[in-house]
Amino acid sequence: MHKIATEADVATALAEPLAVVYKHSPICPTSGIAYEEIRSLRRMQHDVPFYLIDVVHSRPLSRYIAERVGVVHASPQAIILRAGVPAWHGSHFDLRADTMAEKLEALKRST
């Protein structure tokens, strides 16, 4: 998983044809559960790049992502980007590997 630490990292994620951005809080139990779902998703979707941002240590950058993609910040949160545009997003207990895998597969078929 690529860590987002700079605005250049955000630009890289936005430039991907298909990517997942995961906003994670290392101090939130719900984020721990969501992180395991993201890990499962990565095992199913190894051809899709995943980007992780620590929202506690990189709060301004996390807000920057929200502004750039137009998705209100939440944590934990996953945003599936297609050519830099949000194709799906969810937070908290919406972050299920099977649901996100279905969305990614549908996006791959429609390209």
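Reckoned from all heavy atoms, side chains included, excluding hydrogens, waters and symmetry mates. One-based numbering along the sequence shown.
Criterion: ILVMFWY side-chain heavy atoms under 4.5 Å apart, direct or through other members. Under it, Phe93 and Ile79 are not part of a common hydrophobic cluster. Following chains of ILVMFWY side-chain contacts shorter than 4.5 Å, one cannot reach Val69 starting from Ile80, and the two form parts of different hydrophobic clusters. With hydrophobic clusters built from ILVMFWY side chains whose heavy atoms lie under 4.5 angstrom apart, Leu107 shares a cluster with Leu41. In terms of hydrophobic clustering, with Ile, Leu, Val, Met, Phe, Trp and Tyr side chains grouped at heavy-atom distances under 4.5 Å, Val21 and Met1 are assigned to different clusters.
Contact between Ala5 and Asp9 at its shortest, heavy atoms only, is N-OD2, 2.7 Å. When every heavy atom of Ser62 is checked against every heavy atom of Ile53, the shortest pair comes out as N-CD1, 3.5 Å. The nearest pair of heavy atoms linking Pro86 to Leu81 is N-CD2, 3.8 Å. Contact detail for Ala87 and Lys103: the closest heavy-atom pair is O-CE, 3.4 Å. Smallest separation of non-hydrogen atoms from Gly90 and Leu95: O-CD2, 3.2 Å. Contact detail for Met44 and Ala97: the closest heavy-atom pair is CE-CB, 3.3 Å.
Looking at heavy atoms from C-beta onward, Pro76 lies in side-chain contact with His92 at the 4.5 angstrom threshold. The shortest side-chain heavy-atom distance between His73 and Val55 falls under the 4.5 Å cut-off. When side chains are defined from C-beta on, Lys23 does not count as touching Ser91, because their heavy atoms never get closer than 4.5 Å. Residues Ile38 and Met100 are in side-chain contact: their nearest non-hydrogen atoms beyond the backbone lie under 4.5 Å apart. Under the 4.5 Å side-chain criterion, counting only non-hydrogen atoms from C-beta, Ile4 is not in contact with Thr12. Taking 4.5 Å as the limit, some side-chain heavy atom of Gln77 sits within range of a side-chain heavy atom of Val71.
Qualifying ring-ring contact (aromatic ring centres under 6.0 Å, His included) partners for His24, counting only residues two or more places apart in sequence or in other chains: Tyr22, Tyr35. For Tyr51, the ring-ring contact (aromatic ring centres under 6.0 Å, His included) partners are His2, not counting sequence neighbours. Take Ser40 and apply the side-chain hydrogen bond (donor to acceptor under 3.5 Å, both in side chains) test, not counting sequence neighbours, and it matches Arg43.
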For this session: Walk me through it: do Lys108 and Val48 pass the test side chain to side chain contact (heavy atoms under 4.5 Å, CB included)?
Result: CA-CA 10 Å; Lys108 288 177 192 177; Val48 176; 3.7 Å; yes
For this session: Run the numbers on Leu61 and Val10 for side chain to side chain contact (heavy atoms under 4.5 Å, CB included), then give the verdict.
Result: CA-CA 9 Å; Leu61 197 51; Val10 174; 4.0 Å; yes
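One finds the CZ atom of Arg109 at 10.5 Å from the CG atom of Leu104 (value rounded to the nearest 0.5 Å). The structure places CZ of Arg39 at 12.5 Å from CZ of Phe50, a figure rounded to the nearest 0.5 Å.
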